[in-house]
Amino acid sequence: MALVKRRLKIKVGAVFFSLLVLCALASADAASDSSPDFKAMVQQDVDAFRTYFKVRFSKVAFAEYKNGVYAIDSASREQWLEMEDFPPYEFAVDEGEELFEMPFANGKTYADCFANGGEGIRQNYPYFDSQQGEVITLELAINKCREANGEKPLAYKKGPLAAISAYMASTSEGNKFAVEVPDEAAYQAYVEGKKFFYSKRGQLNFSCADCHLRVAGQKLRADITSPALGQPTGFPVYRAKWEELGTLHRRYAGCNKNIRAKPLPAQGRAYRNLEYFQSVMSQGLEINGPSSRK
Amino acid sequence: MNKVKWLLYIVLSMTLISSGRLYADIVVKPILEEARATLSKATARDFEWTTTRKLIKEAEAALASGDEDKSLKLAKAALNEAEKSLVQANYAEAHWQDDIPR
Amino acid sequence: MLVGDDMNLSEKNMKIDRRGFLSNLLKGAACIVTVASLPRLALAAWNEKAFKAETLEGAMSSKYPGLEFVDSSAIKLKAPAIAENGAVVPVGVKTDLPDVKTISLFVEKNPSPLAATFHLTPINVADVSIRIRMGETSNLIAVVESGGKLHRVQQEVKVTIGGCGG
Amino acid sequence: MKIKAKVKKDITKVKMLIKHDMETGRRKDQDGNIIPGLYITEVSASHNDQPVFYAEVGQAVSKDPYMAFSFKGGASGDKISITWKDSSGATETGEAAIK
């Protein structure tokens, strides 16, 4: 409702005025939170985010958002189902399993680094490490595990690391995203990610939200954009465009390039915070990675 | 007499300026320098565009090959982009909350 | 150290050299021998001329010389109207026509239009599928050889380039 | 290679996924050199050592080729064997039991 009102105002031409009002509203929001309850603030965001999509796509069930654009586009969904029937990423999952089980030089394995031997835990990533003061994604944790055991880190966008991540996701299929924002430091990281999501970037001046929230489901150039809700659930993905498996941060870099913004480093702080925000927004949705995308 | 002297000065300095090197030093290089400095500010804020660095490189190449006019054009374009990306960063800082569903 | 090993692993999976071929032969000796001794297979070797033809007409006439085409509604060609990505286009061909000997798929505008030929025997159900590449928007043509005739159906598949991938 | 075979109402459906780059001979590497063509040309399958499928394919088949076919008969536990050959003459055979 507020959105519609705002649009009207812009149409009328009172851009400046409406922005002023919004700024005032935003700062009023911030000022009124003298004793912040982070969990409640995050929950409010989550609810508003979900409601937005519920209104936009009233026929799409919440659980469906784990399927990306295929949740809202029936024509491409059919092709996607054909791919998922015998998906090319099955090779990568096997490879990932082999790598996962292969002991390091010191005799230990990945299983020693993770809770529950690394099985069925994808939904708990990323999490905020209060001691380190940073967001830990699954891919970062895999490399931290390697380094703790005297091995070289793997490249973050594709290849062996993507395969291991795919295998770990495959053992977690159906588990629901359970990423939380426990304290103030975590909330800072979450807000950084949120800020990235809503900030316009690149020569084309688009934010993540422009394509995947405001015009989600509409044709942008040749493609229908996927809804932001549930975006991280299916990663890593095998993209037809890549003809191989790639991680979420590889996709972020591709998105940024599309809007002519210089991509930021995979697993750098900015993308990790973005993944954190997106995963929090997707809480309650099932893990179904790896999956195939166009 | 005085007028003639001034005219001579002007003609002389114009020839000097338009004679490649000096023109590059006085006009093109400062703009390029400013473009670089502005871009690095945008980069530091994670708002660099994929197109700007290319423009700077092209301007440098044109300068090296002695095409000052082309270089000036590219340097100006680069500076323009770098400034816009910085404006974008500032805009985002002030307005990123505008599109949040509430 | 492990990085290197990872590479080897995938290479190992990928590389099937002559030696690998030999050991595979030994493993699957029985089946390969029977396959090779089948008259049908002895007849149908890879049709290089048809696969290397650069025009639709050239590919069709090399594949099915001297036979006439009849447009047929008895063939079900399942392909997307708009391909998600030209690199992977899922295609299925089904028919109730009797005595199907071969099913071929042609992509008119591909550099080499013939994509595949499936050879069927009476034991088969005429229902095949495959994922193919399409370089650009093009007609996709399915040909079913049945009862000494060639039945044909075609459909346009749009391939979009330059999208941001959703 | 991965094979999935399932029998339903006396009809066995066999699906396969083959790990192969299917280089068309038209792609270029990072230095702009053409990557030589190397693609699967033939695929054959047998059921309990009896041939049930044969396909000739070309460069137009996607990377990591997927194909499926069906035949009458076949019972749970029967052996399906699939062999492919590529343009360099390399081959691979894979086996699976019908489910």
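Here is how names work: the chains are called A, B, and so on, in the same order as the sequence lines, proteins then strands, and each is numbered from 1. What you are looking at is a predicted structure, and each value in this text was computed from that prediction instead of being measured.
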Donor-acceptor pair, distance only, cut-off 3.5 Å: does the side chain of [X] make one with the backbone of [Y]?
X	Y	value
D/Lys72	C/Pro122	yes
C/Ser129	D/Met67	no
C/Asn110	D/Ala60	no
D/Ser70	C/Val125	no

Close side-chain approach of [X] to [Y], heavy-atom, < 4.5 Å:
X	Y	result
D/Pro65	C/Arg131	no
C/Ile130	D/Val61	yes
C/Asn47	D/Glu56	yes
D/Phe53	C/His119	no
D/Ser87	C/Glu48	no
C/Thr117	D/Val57	no

Atom group of [X] that falls short of 4.5 Å from chain C, counting heavy atoms:
X	value
D/Lys15	neither
D/Ile18	neither
D/Met16	neither

*chain C contacts, top residue of D/Ala68, D/Ala55, D/Gly73 (heavy-atom pairs, under 4.5 Å)*: D/Ala68
*Which one, D/Lys63, D/Met22, D/Arg26, leads in non-hydrogen pairs under 4.5 Å with chain C?*
D/Arg26
*asked:* Please check if the number of heavy atoms outside D/Lys85 that lie under 6.0 Å from its NZ is greater than 12.
replied: no
*Around C/Asp96, counting heavy atoms of other residues, nucleotides and ligands shown, do more than 12 lie under 6.0 Å from its CG?*
no
What are the two closest non-hydrogen atoms of [X] and [Y], and how far apart are they?
X	Y	result
D/Gln59	C/Ser112	NE2-OG, 3.8 Å
C/Phe51	D/Gly58	CE2-N, 3.3 Å
D/Thr41	C/Trp46	O-CD1, 3.1 Å

*Say you draw a straight line from CZ of D/Phe71 to CD1 of C/Ile123; how long is it, rounded to the nearest 0.5 Å?*
6.0 Å
*With rounding to the nearest 0.5 Å, note down the distance linking OH in D/Tyr54 to CG in C/Leu120.*
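D/Tyr54 atom OH to C/Leu120 atom CG measures 13.0 Å (nearest 0.5 Å).
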In terms of heavy-atom proximity below 4.5 Å to chain D, should [X] be classed as side chain, backbone, both, or neither?
X	answer
C/Lys94	neither
C/Ala87	backbone
C/Val107	neither

*asked:* C/Arg133 vs D/Thr24, test: side chain to side chain contact (heavy atoms under 4.5 Å, CB included). Steps then yes/no.
replied: CA-CA 10 Å; C/Arg133 290 176 172 136; D/Thr24 58; 3.2 Å; yes
*Between C/Thr121 and D/Val52, is a side chain to side chain contact (heavy atoms under 4.5 Å, CB included) present by the stated rule, with each step listed?*
CA-CA 7 Å; C/Thr121 61; D/Val52 284; over 6 Å; no
_Shorter than 4.5 Å, heavy atoms on both sides: which option in C/Gly92, C/Ala50, C/Ala116 has the most such pairs with chain D?_
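Highest number of pairs under 4.5 Å: C/Ala116.
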